[in-house]
Amino acid sequence: MIVQSRAIPLTIRPWSRTSHIVTWLTEDFGKITTPVKGACRPKSAFLGQYDLFYTCDLHFYRRDHDGMHAIRECAPLELRETLRDNWRAVAAAGYLADLISRTAVTSTESRDLFAAWADTLDRLPQSQDLHLLMLWFELRLLKSLGLQPDLTLCPECHPQEQPWLRFSPASGRFCCPHLAQRTDGEVTLSVHRRVRNLAKWLLQSPIPPDPRLKMPENEKKIAENENPLLGLSRFLGIFIRFHLDAPSVVRRVAWEMTEKTPAPSAAK
Ligand SMILES: [Zn+2]
């Protein structure tokens with residue numbers, strides 16, 4: 001059966017001397033993989049029709065028994081050329097594309113995740129705060145997988161005046177005997193209330209948030225040299241390590257590469 005969907009290439013790997021194996025995030029069928037035979041031949045109909053971070057109009061023969069589908073035709077809808085002029089934005093996009101390719105579900109409709117990914121790619125080149133956008137997308141991805149952290153607080157265990165809260169990554173929620181008994185030896189971590197509020201704000205935002213808008217208590221420091229964004233990055237890093245099959249070193253390098261410190265001055 002030939003089907004059509006908007007699709008964004010997540011990975012493009014060589015396959016034989018002239019062919020590609022392309023993994024896509026599609027709007028209607030989740031993550032899919034298509035071999036593209038002869039993709040690199042000079043007369044290939046697919047030449048220039050797809051690349052990383054393009055949105056494409058993809059037609060393919062759908063096969064239900066395995067994840068591999070035969071590509072029929074493909075045309076670019078959105079090239080996102082400005083993304084390619086900004087290496088930090090490309091580093092962020094590369095990390096997130098890898099995370100999606102490792103975790104997204106195959107053969108199911110994924111409109112929310114697709115919209116979030118397209119939105120993120122559109123905004124990366126102009127983003128004033130790459131880390132905020134990356135954290136927002138990581139939370140969208142977790143939500144689409146049904147794995148988002150439960151940020152509910154208990155009025156008895158987590159009273160307002162208590163700034164630090166204990167979170168259990170394994171159970172995905174704050175520690176509270178009213179909700180769930182803790183198992184012996186369960187690993188927990190300290191999360192500041194402001195980090196929790198920031199995560200909640202991002203989870204509730206259906207589109208990437210503008211950092212200039214009402215970010216909760218953004219300007220207040222939790223401790224010296226620490227802001228809620230850094231705290232949330234640490235928290236999500238641990239949470240992702242617990243729940244997703246993704247190497248944490250990739251995330252750490254991506255985070256460092258997208259740091260907005262002034263570039264060292266060029267060699268004299
Ligand atoms: Zn409680």
Side-chain angles (χ1 to χ4, degrees), residues 96 99-100 102-105 108 110-113 115-116 120 129 131-252 254-255:
L96 295 174
L99 189 63
I100 303 168
R102 288 171 192 274
T103 57
V105 183
T108 69
S110 48
R111 284 178 180 271
D112 288 351
L113 182 62
T120 300
D129 195 331
H131 288 170
L132 185 70
L133 193 49
M134 289 160 77
L135 292 169
W136 176 81
F137 184 80
E138 286 178 335
L139 284 165
R140 284 334 280 178
L141 178 64
L142 286 166
K143 193 172 183 180
S144 81
L145 297 167
L147 290 171
Q148 75 269 33
D150 181 351
L151 301 170
T152 314
L153 295 181
C154 164
E156 278 180 57
C157 304
H158 313 119
Q160 268 302 327
E161 61 276 11
Q162 187 187 318
W164 291 93
L165 309 161
R166 291 220 71 83
F167 187 89
S168 157
S171 62
R173 54 158 56 118
F174 289 100
C175 301
C176 154
H178 304 100
L179 288 171
Q181 289 297 331
R182 241 160 95 179
T183 48
D184 285 340
E186 191 176 324
V187 176
T188 62
L189 57 137
S190 262
V191 178
H192 198 280
R193 187 176 283 275
R194 287 189 196 117
V195 170
R196 178 260 178 195
N197 292 348
L198 176 62
K200 191 155 185 259
W201 181 67
L202 289 176
L203 262 176
Q204 283 168 348
S205 173
I207 56 161
D210 182 334
R212 290 162 298 184
L213 292 177
K214 58 179 180 133
M215 183 154 125
E217 310 174 71
N218 181 31
E219 70 293 346
K220 295 181 200 159
K221 303 267 195 264
I222 291 170
E224 208 170 334
N225 301 326
E226 186 163 343
N227 66 43
L229 271 187
L230 196 58
L232 180 56
S233 174
R234 282 209 199 106
F235 168 67
L236 269 189
I238 294 168
F239 190 86
I240 285 171
R241 203 161 71 221
F242 251 86
H243 294 281
L244 300 180
D245 187 18
S248 52
V249 63
V250 178
R251 186 180 192 273
R252 198 174 66 239
W255 189 270

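All values below were derived from every heavy atom in this structure, side-chain atoms included, with hydrogens, water molecules and symmetry-related copies excluded. In each ligand, atom 1 is the first atom listed, and ligand 1 is the first ligand listed. Every value quoted in this text rests on a predicted model; they were computed, and no experiment measured them.
Annotation: angle subtended at the Zn ion (ligand 1) by C157 SG and C154 SG is 110°, to 10°.
The line from CZ of R234 to NE2 of H192 is 13.0 Å long, rounded to the nearest 0.5 Å.
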Working note: H158 + R193, criterion side-chain contact (heavy atoms from CB on, under 4.5 Å); need CA distance, chi angles, decisive distance, verdict. CA-CA 9 Å; H158 313 119; R193 187 176 283 275; 4.3 Å; yes

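Under a cut-off of 6.0 angstrom, the local environment of CD in Q160 is sparse, with at most 12 non-hydrogen atoms contributed by other residues, nucleotides or ligands. Residue D112 qualifies as open at atom CG: its count of foreign heavy atoms under 6.0 Å is 12 or below.
Looking only at N/O/S atoms, H178 comes nearest to the Zn ion (ligand 1) through ND1.
Counting backbone and side-chain atoms alike, H158 contributes no N/O/S atom closer than 2.8 Å to the Zn ion (ligand 1).
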